[in-house]
A.B. asks: 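Can you read through this structure? Questions will come right after.
Only this structure's heavy atoms are used, side chains among them; waters, hydrogens and symmetry mates stay out. None of the values given here were measured: they were computed from a predicted structure. In what follows, chains carry the letters A, B, and so on, assigned in the order in which the sequence lines appear, proteins first and then strands, with residues in each chain numbered from 1.
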There are 2 protein chains.
Amino acid sequence: MTLLQHNRPISVLAVDDHPLILEGIAAVFEGMSEMNLVGACDGRQALALYQQHLPDVTLMDLQMPGVSGLEAIELIRQYDPHARIVVLTTYKGDVHALRAIKAGAVGYVLKNMMRTDLLETIRGVHAGHRRIPAEVAMELAEYMSEVSLTPRETEVLKLAAVGKSNKRIGAGLDISEDTVKVHMKNILAKLHAADRTHAVTIAVRRGILQF
Amino acid sequence: MTLLQHNRPISVLAVDDHPLILEGIAAVFEGMSEMNLVGACDGRQALALYQQHLPDVTLMDLQMPGVSGLEAIELIRQYDPHARIVVLTTYKGDVHALRAIKAGAVGYVLKNMMRTDLLETIRGVHAGHRRIPAEVAMELAEYMSEVSLTPRETEVLKLAAVGKSNKRIGAGLDISEDTVKVHMKNILAKLHAADRTHAVTIAVRRGILQF
DNA sequence: ACGCGCATCCCTCCATCGGGTGACTGCCAG
DNA sequence: CTGGCAGTCACCCGATGGAGGGATGCGCGT
């Protein structure tokens, strides 16, 4: 497969809702014969452009309004299970990183990395490798042990976050206060939280609750 | 003053810790005679490059590790009260937006805006105007009525956020539990929160607490 | 000198919270 | 079909939280 690299350039699709970032990416590829940018768009048009161009590698921002990068990744991988997708995000501690990897992303580039890192990752991913930076991998490892709350527990915590008492949470979910207390106890245990307030901050930090 | 624009290009300094964004900005200015980019760097070198180039307009990202964009703005305005600084940020709901304006920023550009918006803002700011997009101005208006917590209240809430009880907060701050309760009561009143948990979510949303 | 905001401390009172324990249902996988 | 898990409900109890009330001192600006 590496032979192909010499025959035709690696085609790249960039998905980001920031025109400035797209300009930057385009600038990186400018004048390169090894790769070329076949398209650039935001999340909504990601799948359509993928189907149209069938790029070798797709660069995908995670933080986008409307269709999230996560959804876009899932849609593309659903359409083409062999799609090579590289996540392009701002923060290494991105709470969606793990989900992106699970969704099928095979590369991960931080926006504060150099252009050479970007190019190197694209080459590696195109050659069939996974390219996850060590610092990101370590972040991921922490979240791998991520205890997931049950749907019910998430609902309870969501209401607790906006100041509802156990009684009012019960009223809101149409269950008894006692049941709410059970859920809350389990939440505290799972998150290793001292109290409901702590649980909310932990959940926000982990992306369980979107504030 | 508009005559100057024809005599020499508007000099622009770009400050952002993302090389990709800097590439994008550079790409926007490429081949333009009206303006030219005199420098690009991250937050730490912002002041030094400002002093070196004395640009007409400075583009400043707010979200940066180490020296924040906010600090950089303050440092530059301290050095040169007439500095024309345009904030360049990702989210219109940026909690630091108000502080940036207060710190002396005279323009505000969202990264999801088009290059023409960026250029237009630079022209406007250079001509001596303030350029704050309507949608941002409206966001700002909401935060204008921002109730600010006292330093002590912030400390109390910060400890409450990580699950400390009033008693332990008192121990941590070396004050009595009763005093903590008074602070907490004032916090709840100021934020219109139902309880401490709600107060924390509100504070996080407003950027009072950085999660 | 006065007011005012901030911070400190003290008291009472009651609702709420969180831990412990136990038990019943429904469902799905082994 | 038997276990495990999610969800439900119940009761007890000690600790905590939040709403009142009132009080002192300190600094700061007018």
Side-chain angles (χ1 to χ4, degrees), chain A residues 99 102 143-209, chain B residues 98-99 102 143-209 211:
Chain A
R99 296 174 202 168
K102 277 185 180 170
Y143 289 114
M144 283 301 278
S145 62
E146 184 181 18
V147 277
S148 61
L149 299 183
T150 68
R152 208 52 165 168
E153 285 164 355
T154 306
E155 289 180 284
V156 168
L157 192 55
K158 203 176 298 181
L159 292 176
V162 295
K164 302 227 184 260
S165 68
N166 288 341
K167 188 179 295 182
R168 300 192 57 187
I169 293 172
L173 298 180
D174 207 46
I175 56 180
S176 88
E177 180 185 353
D178 283 312
T179 304
V180 175
K181 295 180 84 169
V182 173
H183 287 313
M184 188 60 70
K185 189 172 65 163
N186 293 335
I187 292 170
L188 298 184
K190 282 185 178 178
L191 300 182
H192 305 291
D195 57 27
R196 54 175 55 212
T197 306
H198 194 195
V200 166
T201 62
I202 293 173
V204 167
R205 214 189 318 254
R206 300 229 185 134
I208 298 171
L209 291 185
Chain B
L98 175 60
R99 296 174 203 168
K102 277 185 181 168
Y143 289 111
M144 283 301 278
S145 62
E146 185 181 15
V147 276
S148 62
L149 300 183
T150 68
R152 208 50 164 170
E153 286 163 356
T154 306
E155 288 180 285
V156 168
L157 191 55
K158 202 175 298 179
L159 292 176
V162 294
K164 301 229 184 258
S165 69
N166 288 339
K167 189 179 296 183
R168 299 192 57 186
I169 293 172
L173 298 180
D174 208 45
I175 56 180
S176 87
E177 179 186 355
D178 285 310
T179 303
V180 176
K181 294 179 97 169
V182 173
H183 286 313
M184 187 60 68
K185 191 168 61 161
N186 293 335
I187 292 170
L188 298 183
K190 281 186 179 179
L191 300 182
H192 304 292
D195 57 27
R196 54 174 54 211
T197 306
H198 194 195
V200 166
T201 63
I202 292 174
V204 167
R205 215 189 316 255
R206 300 232 185 130
I208 298 171
L209 291 185
F211 56 108

A.B. asks: Heavy-atom count around A/R168 CZ within 6.0 Å, excluding the residue itself: above 12?
C.D. replies: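 No, the 6.0 Å shell around CZ holds no more than 12 heavy atoms from other groups.
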A.B. asks: Is any side-chain heavy atom of B/R205 closer than 4.5 Å to a side-chain heavy atom of A/V204?
C.D. replies: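 Answer no - side chains too far apart.
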A.B. asks: OP1 or OP2 of D/dA6 sitting under 4.0 Å from any side-chain N/O of A/H183?
C.D. replies: no
A.B. asks: Between A/V182 and A/N186, is there a side-chain heavy-atom distance shorter than 4.5 Å?
C.D. replies: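 A side-chain contact exists here, since the closest heavy-atom pair is under 4.5 Å.
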A.B. asks: Contact between A/L191 and A/H198 at the side-chain level, heavy atoms closer than 4.5 Å - yes or no?
C.D. replies: no
A.B. asks: What does nucleotides 12-19 of chain D look like as a protein-contact string, B for base, S for sugar-phosphate only, - for none, at under 4.0 angstrom between heavy atoms?
C.D. replies: ----SBBS
A.B. asks: Within less than 4.0 Å of OP1 or OP2 of D/dT8, is there a side-chain N or O belonging to A/S176?
C.D. replies: no
A.B. asks: First locate atom CG of A/L157, then atom CD of A/E153, and finally report the distance between them rounded to the nearest 0.5 Å.
C.D. replies: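 Interatomic distance, A/L157 CG to A/E153 CD, rounded to 0.5 Å: 9.0 Å.
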A.B. asks: Could you please spell out the steps behind the side-chain contact (heavy atoms from CB on, under 4.5 Å) verdict for B/H192 and B/I202?
C.D. replies: CA-CA 9 Å; B/H192 304 292; B/I202 292 174; 5.7 Å; no
A.B. asks: Taking C-beta and beyond as the side chain, do A/L173 and A/V156 meet within less than 4.5 Å on heavy atoms?
C.D. replies: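 When only atoms from C-beta onward are counted, A/V156 and A/L173 do touch, with a gap below 4.5 Å.
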A.B. asks: With axes from five pairs an end, tell me the bend angle of the helix from C/dA1-D/dT30 to C/dC28-D/dG3, nearest 10°.
C.D. replies: 50°
A.B. asks: Report the C-alpha distance between A/E155 and A/K158 in whole Å, list the side-chain angles of each, state the deciding distance to 0.1 Å, and finish with yes or no for salt bridge (Lys or Arg N to Asp or Glu O under 4.0 Å).
C.D. replies: CA-CA 5 Å; A/E155 289 180 284; A/K158 203 176 298 181; over 6 Å; no
A.B. asks: What is the first contacted nucleotide of DNA chain C and what is the last, in 5' to 3' order, if contact means an atom lying under 4.0 angstrom from a heavy atom of chain B?
C.D. replies: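 First-to-last contact on DNA chain C, by the 4.0 Å heavy-atom rule, is C/dC6 to C/dC11.
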A.B. asks: How long is the line joining CZ of A/R152 and P of D/dG7, in whole Å?
C.D. replies: 8 Å
A.B. asks: Would you check if the side chain of A/T197 reaches a backbone N or O of B/A160 as a donor-acceptor pair within less than 3.5 Å?
C.D. replies: no
A.B. asks: Given side chains that start at C-beta, do those of B/H183 and B/I169 come closer than 4.5 Å, heavy atoms only?
C.D. replies: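 No; the side chains remain at least 4.5 Å from each other.
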